[in-house]
Amino acid sequence: MSGAQQYKTLKGMQDILPPDTFLWQSVEQTARSIFSVFGFQEIRLPVLESTGVFSRSIGEQTDIVEKEMYTFTDKGGRSVSLRPEGTASVVRSYVENNLHNLPSPQKFYYSGPMFRYERPQSGRFRQFYQIGVEAFADPHPRMDAEVILMLERFLSGIGLQGISFQINSIGCEQCRPGYRDALLSFFSGKADQLCPDCLRRYDRNPLRILDCKSAKCIAARSGAPRITDHLCDDCRQHFGKLQELLNMLHVAFTVNPEMVRGLDYYTRTTFEVTSQGLGSQNAVAAGGRYNRLVREFGGPDTPAIGFAVGMERVIGLLKQSAAQEWPAPAVFIAARGEPAGTEALSLAGRLRDRGLWVEVGDAENSLKSQLRRADRISARHVFIIGDEELKSGQLRWKNLHDASQGVIMMTEIEEFISGIC
RNA sequence: GUGGGUGUAGCUCAGCCGGUUAGAGCACCAGGUUGUGGCCCUGGUGGCCGGGGGUUCGAAUCCCCUCACUCACCCCA
């Protein structure tokens with residue numbers, strides 16, 4: 001190692017390396033195939049947007065917008081930000097491209113990195129990956145149920161265990177202000193019973209007091225009004241119908257009237273999937289309905305619902321339950337000396353054309369050394385080419401799993417391969 | 001932004017009441033006679049002991065500062 005500068009990833013950013021990348025690929029593949037059969041189509045969006053895309057949707061007052069965004073001025077003097085979440089960009093794109101002209105409902109999924117300038121901890125990074133979906137133009141709770149069902153299918157499809165679904169309704173512009181007032185008046189005489197954080201929340205976002213973890217606040221909020229008791233008729237019916245549908249679809253869930261979401265744009269249904277064994281950041285996926293956002297972005301009045309899955313959290317759970325496997329090559333070709341080394345390369349090419357993963361040994365090394373390498377990378381079969389084989393037009397094969405071996409003609413190699421692979 | 005914990009080889013760690021060239025296991029590479037892996041044996045690559053300063057004849061070891069990582073609060077996927 002010279003005295004040269006050693007670069008490292010920035011705080012909260014990480015390299016994703018093999019064999020983890022294989023796990024990521026399989027999770028992404030499952031997502032694609034499940035979302036596809038539900039009729040969701042992929043969209044790919046920029047990572048950088050006008051800052052307003054996020055501040056106006058997520059909420060000016062939220063922590064995400066106030067202190068967690070990677071915001072800077074570009075060379076044209078515009079304020080731009082790395083996306084801290086996906087929904088705002090999808091809505092921007094929906095409006096910009098007039099996607100409401102596609103047959104309704106319009107259903108999309110996306111995946112990619114998000115950025116938030118936070119203090120990293122277990123399950124929390126500054127660059128993190130989400131797979132998310134958004135469904136537009138269907139106000140009915142059937143769409144809520146379908147989206148939640150799809151999330152459940154996906155999570156069980158990748159083999160996640162021990163997760164639980166919580167759902168809630170946070171009402172709409174008709175009923176939420178009334179509930180907020182009820183909550184404020186309930187806590188107004190109890191300021192001394194709240195933790196310092198919740199005193200702040202009282203002014204900024206009183207609903208958050210409901211999910212504070214401090215023992216004081218848990219005690220102070222007993223008997224607090226519940227959002228589910230303050231829903232207007234339409235919201236109550238919507239929420240009731242959703243529960244009915246989820247039961248019919250056999251999606252296990254619990255209603256949690258204290259569940260609060262951090263983003264301002266939600267209306268009615270919100271939901272969250274949590275897991276034990278994730279540490280403090282235990283949300284695996286979360287989402288909800290946002291019926292006003294498209295309108296606020298200048299589009300037609302269009303209801304919508306979506307969710308996002310935290311990839312690192314899902315991957316973290318999967319790694320706990322199963323050891324990482326390295327994929328292994330089908331064939332390793334060991335050659336001895338120069339003419340054989342060339343022959344090995346040519347044979348490898350033919351086998352790769354048939355879609356096989358083939359590794360070639362270093363013909364300058366001993367056979368023993370090459371076999372050791374083949375074993376280390378768990379190759380299933382070894383072909384051995386040397387002077388003898390070149391003379392006779394044959395080659396020797398060996399199965400490293402059961403140690404069987406034999407000889408075949410070089411010209412019959414393709415048939416032989418199709419018999420064993 | 002606020003607290004706690006930890007920094008010695010790629011990984012897991014020992015050494016740390018100061019004392020000659022800083023260790024182990026695993027991993028990686030090679031070899032153990034002519035062309036056969038796993039086990040075993042041998043050898044090799046790899047660390048200015050996170051960085052800087054101080055105390056001392058002498059610091060991985062003691063003191064101070066700093067940085068990084070990590071967990072938690074906050075917030076959230």
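Naming: A, B, ... by sequence-line order, numbering from 1 per chain. Quick caveat, the model's predicted, so the values are computed rather than measured.
- For the pair A/Arg126 and A/Tyr117, the cation-pi test (distance below 6.0 Å, angle within 45°) is passed.
- Interatomic distance, A/Ile417 CD1 to A/Arg354 CZ, rounded to the nearest 0.5 Å: 8.0 Å.
- When only modelled atom types and interatomic distance are considered, A/Tyr94 and A/Glu134 share no side-chain donor-acceptor pair under 3.5 Å.
- A 3.5 Å limit on both hydrogen-bonding distances identifies B/G1 as the Watson-Crick or G-U partner of B/C73.
- When the P atom of B/G1 is taken as reference, atom CD of A/Glu68 falls 12 Å away, rounded to whole Å.
- Using a 4.0 Å heavy-atom distance criterion, A/Val314 is classed as making no nucleic acid contact.
- Base-pair partner of B/A68: B/U6 (Watson-Crick or G-U wobble, both distances under 3.5 Å).
- A/Arg116 has its CZ atom 18 Å from the P atom of B/G1, to the nearest Å.
- Residue A/Ala286 is classed as a sugar-phosphate contact, given heavy-atom separations below 4.0 Å to backbone atoms only.
- Residue A/Arg201 places at least one side-chain N or O closer than 4.0 Å to OP1 or OP2 of B/C74.
- Contact annotation: the side chain of A/Arg176 approaches that of A/Thr267 to within less than 4.5 Å [non-hydrogen atoms, C-beta and beyond].
- Below the 3.5 angstrom threshold, one finds no donor paired with an acceptor across the side chain of A/Asp375 and the base of B/G38.
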(message) So if I define the base as every atom that isn't primed, P, OP1 or OP2, how would nucleotides 31-36 of chain B read as a B/S/- string at a heavy-atom cutoff under 4.0 Å?
(response) BB--BB

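- A/Gly123 comes within contact range of at least one nucleobase, with a heavy-atom separation under 4.0 Å.
- Both A/Ala379 and A/Glu272 lie near RNA chain B, and the one whose nearest nucleotide falls closer to the 5' end is A/Ala379.
- Residue contacts for A/Phe125: at a heavy-atom cut-off of 4.0 Å it reaches a base atom on one of the strands shown.
- Mapping A/Lys8 and A/Glu85 onto RNA chain B by nearest heavy atom places A/Lys8 at the nucleotide closer to the 5' end.
- Between A/Val382 and A/Trp397 there is no side-chain heavy-atom pair separated by less than 4.5 Å.
- Counting to the nearest Å, the P atom of B/C71 and the CD atom of A/Glu118 are 14 Å from each other.
- A straight line from CG of A/Leu400 to C1' of B/C39 spans 16 Å, rounded to a whole angstrom.
- With rounding to whole Å, A/Arg376 atom CZ is found 19 Å from B/G10 atom P.
- Summarising the geometry, the separation between CD on A/Glu66 and P on B/C74 is reported as 17 Å, rounded to the nearest angstrom.
- Remark: B/C40 base-pairs with B/G32; criterion is Watson-Crick or G-U wobble with both hydrogen-bond distances under 3.5 Å.
- Looking at heavy-atom distances under 4.0 Å, A/Lys11 makes contact with sugar-phosphate atoms alone, never a base.
- Atom C1' of B/G52 sits at a distance of 23 Å from the matching atom of B/C57, rounded to the whole Å.
- Following rounding to the nearest Å, A/Leu194 (CG) and B/C73 (P) show an atom-to-atom distance of 19 Å.
- Taking a pair to require two hydrogen-bonding distances under 3.5 Å in either a Watson-Crick or a G-U wobble arrangement, B/A14 remains unpaired.
- Across A/Ser81, A/Ser89, A/Ser93, a single residue satisfies side chain to side chain contact (heavy atoms under 4.5 Å, CB included) together with A/Glu49, and that is A/Ser89.
- Atom CD of residue A/Glu414 and atom CG of residue A/Leu351 lie 6.5 Å apart, to the nearest 0.5 angstrom.
- B/U20: no Watson-Crick or G-U partner with both key distances under 3.5 Å is found in any strand.
- How far CG of A/Leu149 is from CZ of A/Phe154: 14.0 Å, rounded to the nearest 0.5 Å.
- Taking CD of A/Glu66 as the reference point, atom CD1 of A/Ile64 lies at 11.5 Å (rounded to 0.5 Å).
- Side-chain nitrogen and oxygen atoms of A/Gln121 include none within less than 4.0 Å of the OP1 or OP2 phosphate oxygen of B/U70.
- Side-chain contact between A/Asn399 and A/Arg380 is absent, with no heavy atoms from C-beta onward closer than 4.5 Å.
- Across the protein-nucleic acid pair, A/Arg200 atom CZ and B/C74 atom P stand 9 Å apart, rounded to whole Å.
- Residue A/Ser280 has a polar side-chain atom (N or O) positioned under 4.0 Å from OP1 or OP2 of B/C73.
- Taking atom P on both B/G43 and B/G25, the two are 11 Å apart, rounded to the nearest angstrom.
- Residue A/Arg124 places no side-chain N or O under 4.0 Å from the OP1 or OP2 atom of B/A77.
- Residues A/Asp20 and A/Lys319 are in side-chain contact: their nearest non-hydrogen atoms beyond the backbone lie under 4.5 Å apart.
- In a base pair of the Watson-Crick type (N1 to N3 plus N6-O4 or O6-N4) or a G-U wobble (N1-O2 and O6-N3), with each distance short of 3.5 Å, B/C62 is matched with B/G54.
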(request) List the protein contact pattern of nucleotides 2-8 of chain B with one symbol per nucleotide (5' to 3'): B for base contact, S for sugar-phosphate-only contact, - for none; contact means a heavy-atom distance under 4.0 Å. (result) BB-----

